[in-house]
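Here is the structure we will look at.
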Amino acid sequence: QVQLVESGGGLVQAGGSLRLSCAASGRAFSNYPMGWFRQAPGKGREFVAGITGSGRSKYYSDSVKGRFIISRDNAKNTVYLQISSLQPEDTAVYYCAADSSRRDWQLPGRSYFDYDYWGQGTQVTVSS
């Protein structure tokens with residue numbers, strides 16, 4: 001069992017940056033590939049970024065590539081999402097999630113259904 005708690009969201013002006021954190025409790029955090037998703041009002045949950053258990057491999061959706069950076073610190077049981085050059089269309093609730101169906105060296109999936117554990121989300125609002 002893994003519990004996930006996101007933090008770091010807030011209100012930011014266009015062009016600004018934030019660092020989101022996802023603190024995990026439970027055993028074997030480093031075994032789990034992790035992902036970040038976001039959900040804008042009236043829209044479905046969208047994959048943003050994923051990272052392997054070791055943190056060596058990462059990948060991003062096309063909409064955020066070059067602006068967002070995912071990382072993790074397994075000693076602190078935390079995964080991060082550095083979000084930069086924010087635009088109003090980045091406004092959403094951001095969620096972290098753990099993909100326990102994959103091995104630690106594998107990248108996590110892109111689908112909501114690939115993930116077993118979810119945090120409660122943190123709101124990011126970008127003003128123009």
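These values consider heavy atoms only, across backbone and side chains, with no hydrogens, waters or symmetry-generated copies.
- The side-chain tip of Arg67 does not point at the ring of Tyr60 from less than 6.0 angstrom away and within 45° of straight on.
- Annotation: side chain of Tyr80 is not in contact with side chain of Leu20 (no heavy-atom distance under 4.5 Å).
- Atom OG in Ser54 sits 11.0 Å away from atom CG in Asn31 (nearest 0.5 Å).
- A heavy-atom distance below 4.5 Å is not found between the side chains of Thr52 and Pro33.
- Shown here for Ser17 and Ser85, the closest heavy-atom pair between the two residues is OG-N, 4.2 Å.
- Looking at Arg102 and Asp114, their side chains come closer than 4.5 Å, going by heavy atoms from C-beta outward.
- Ring centroids of Phe37 and Trp118 are separated by less than 6.0 Å, placing the two rings close together.
- Atom OG in Ser84 sits 11.5 Å away from atom CZ in Arg19 (nearest 0.5 Å).
- The CG atom of Leu11 sits 5.0 Å away from atom OG of Ser127, with the distance rounded to the nearest 0.5 Å.
- Connection of Phe68 to Val12 is established within a shared hydrophobic cluster, with ILVMFWY side chains joined at heavy-atom distances below 4.5 Å, either directly or through further cluster members.
- Contact annotation: the side chain of Ile83 never approaches that of Asp90 to less than 4.5 Å [non-hydrogen atoms, C-beta and beyond].
- Side-chain contact check for Gln3 and Ser25: at least one donor-acceptor pair (N or O, by modelled atom type) lies under 3.5 Å.
- Both Met34 and Tyr94 belong to a single network of hydrophobic side chains, linked directly or stepwise wherever heavy atoms of I, L, V, M, F, W or Y lie under 4.5 Å apart.
- In this structure, Tyr59 and Pro108 have side chains that are in contact, with non-hydrogen atoms separated by less than 4.5 Å.
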- [ ] Just do the side-chain contact (heavy atoms from CB on, under 4.5 Å) check on Ile69 and Leu81 with the steps written out, would you?
- [x] CA-CA 6 Å; Ile69 299 173; Leu81 187 68; over 6 Å; no

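- A cation-pi geometry, defined here as NZ or CZ lying under 6.0 Å from the six-membered ring centre and within 45° of its normal, does not hold between Arg38 and Tyr95.
- For Tyr112 and Phe47, the distance between ring centers is not under 6.0 angstrom.
- Hydrophobic cluster membership is shared by Trp36 and Phe29, with clusters built from Ile, Leu, Val, Met, Phe, Trp and Tyr side chains linked at under 4.5 angstrom.
- Listed for the Lys58 side chain is a donor-acceptor partner under 3.5 Å among the backbone atoms of Ile70.
- A 4.5 Å side-chain heavy-atom check between Ser63 and Glu46 finds at least one atom pair inside the cut-off.
- Although no hydrogens or angles enter the test, the distance criterion places no donor-acceptor pair under 3.5 Å between the side chain of Thr78 and the main chain of Ala23.
- Contact of the Ser21 side chain with the Glu6 side chain is not registered, since no non-hydrogen atoms from C-beta on lie closer than 4.5 Å.
- Annotation for Val79 and Cys96: closest pair CG1-CB, 4.5 Å, computed over non-hydrogen atoms.
- Side chains of Asn74 and Arg72 form a contact here, defined as non-hydrogen atoms less than 4.5 Å apart.
- Cluster membership for Leu4 and Val93, using ILVMFWY side-chain heavy atoms within less than 4.5 angstrom, is not shared.
- Taking hydrophobic clusters as Ile, Leu, Val, Met, Phe, Trp and Tyr residues chained together by side-chain heavy-atom distances below 4.5 Å, Val2 does not share a cluster with Leu107.
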